[in-house]
Amino acid sequence: MKFVVSSAVLLKNLLNINGVINANPIVPILENFLFQIDNGTLTVTASDLQTTMTTQVPIDSADSGAIAIPAKLLLDTLRSLPEQPITIKVNTDTFGSEIQTDNGRYKLSGENPIDYPKIPDVNKKQSVELSSDALMSAINHTAFATSSDDLRPAMTGVYLQLNSDNATFVATDGHRLIRYRRTDIQTAESTTIILPRKAVSMLKNALPEGVPVTVEMSQANASFTFSSIKLICRLIDERFPDYENAIPTNNSNVLTIGRADLLNSLKRIMIYANRTTHQIRLSMKANSLVISAEDLDYSNEANEKLLCEYDGAEMDIGFNAKLLSEMLSNLSSKMISLEMSAPNRAGLIIPADKDEHEDILMLAMPVMLNTYA
């Protein structure tokens, strides 16, 4: 069995799915790509049992068959080659393969494709089509806020709530919560799933611009199909926190300020904050905001005064500057509003300008202020 393919095209497609492969997989054969040839098309699969990605590459071949090829060795070889047609020959008896170029030969020992885990089926219970740009925007606004605490598995993924009116993406780590809603994504039947963080990260890396994405969901799995790529992931089977009740209402104190001005000031002031808590203080009164920080262990302190619009009672509130700056960095709006009710209640960041189909809300939990004046 042999086939001819462009080295650059093959490398590009393999890099799209390579991130699925773990450095130390549970099953050794998962260190390999599964190559399957049929009707002039090469289908390559990468898997870690929880997440599986396939990509299809056009090739010149009249043969059909399959082999498992070591992923790292193959990628390192392709990265070092200039753009050129390469011939890959496969010995189906020994499961060895050989890459032939204009001036070189490279032999790789493969494995029996029968031992490669079967690609999971998604028994379609619900499906939806959306644009890759909408999905990418949802991922960019939420994925960074997922939790890394495996003791709370539901919070390690992105919660997706679909209904006839909109699609809502939610992520939280207990200290902040992001709710991203789109009115241009709808389904006839309501459904909810939790997408694992790794699958969301793989989508972020592989999604091209301006292509349709088909999402199919069953009780246990979800699949995303776009261009020549398909991603199938096992869903997180846990109950997501009741996020709606965590969002405070009646936030009568509203600060309106330039996002970049606030973000740049935070980055400067947090240098002087405690390295463990990253605590900063926002002191607000009529059209004035003072951002300050102090590290009592090293006697370091800093403060800046910013012009803003503030409608509400004079207030001092503390936040984790690291989390707050990360949230602001994942917005593109020129102006934002920070809506608050009290120093011990969560603050809401609302972008002033956004896409007509999207609604963005970011919640930041306050931290208890130190007693310095």
(Q) Take a 6.0 Å sphere around NZ of Lys2 and say whether it holds more than 12 heavy atoms from other residues, nucleotides or ligands. (A) no

Q: Flag yes if more than 12 heavy atoms outside Lys354 fall under 6.0 Å of its NZ atom; otherwise flag no.
A: yes

Q.
Nearest 0.5 Å, please: how far is CD in Glu98 from NZ in Lys89?
A. 6.5 Å

**Q.** ring-ring contact (aromatic ring centres under 6.0 Å, His included) partners for Phe240, two or more places apart
**A.** Tyr159

Q. For residues 77-88, which residue pairs qualify under side chain to side chain donor-acceptor pair (under 3.5 Å), counting only residues two or more places apart or in two chains?
A. Ser6-Glu83, Asp76-Arg79

Q. Should Arg179 and Asp359 count as an ion pair when the cut-off is N to O under 4.0 Å?
A. yes

Q: Could you list all the salt bridge (charged side-chain N to carboxylate O under 4.0 Å, His left out) pairs where at least one residue sits in residues 31-46, not counting sequence neighbours?
A: none

Q: Not counting sequence neighbours, which residues clear side chain to side chain contact (heavy atoms under 4.5 Å, CB included) with Arg239? List them please.
A: none

Q: Using the test side chain to side chain contact (heavy atoms under 4.5 Å, CB included), find all partners of Asp121 that sit at least two apart in sequence or belong to another chain.
A: Lys118, Asn123

Q.
If hydrophobic clusters are built by linking Ile, Leu, Val, Met, Phe, Trp and Tyr wherever their side-chain heavy atoms come under 4.5 Å apart, do Leu363 and Leu263 end up in the same one?
A. no

Q: Check each of Leu331, Leu361, Ile360 against Ile349 using the side-chain contact (heavy atoms from CB on, under 4.5 Å) test, and report the only one that passes.
A: Leu331

Q) Does the side chain of Arg105 reach to within under 4.5 Å of the side chain of Ile99, using non-hydrogen atoms? A) no

Q. Taking ILVMFWY side chains as joined if any heavy atoms are under 4.5 angstrom apart, and letting links pass through other members, which residues group with Val4?
A. none

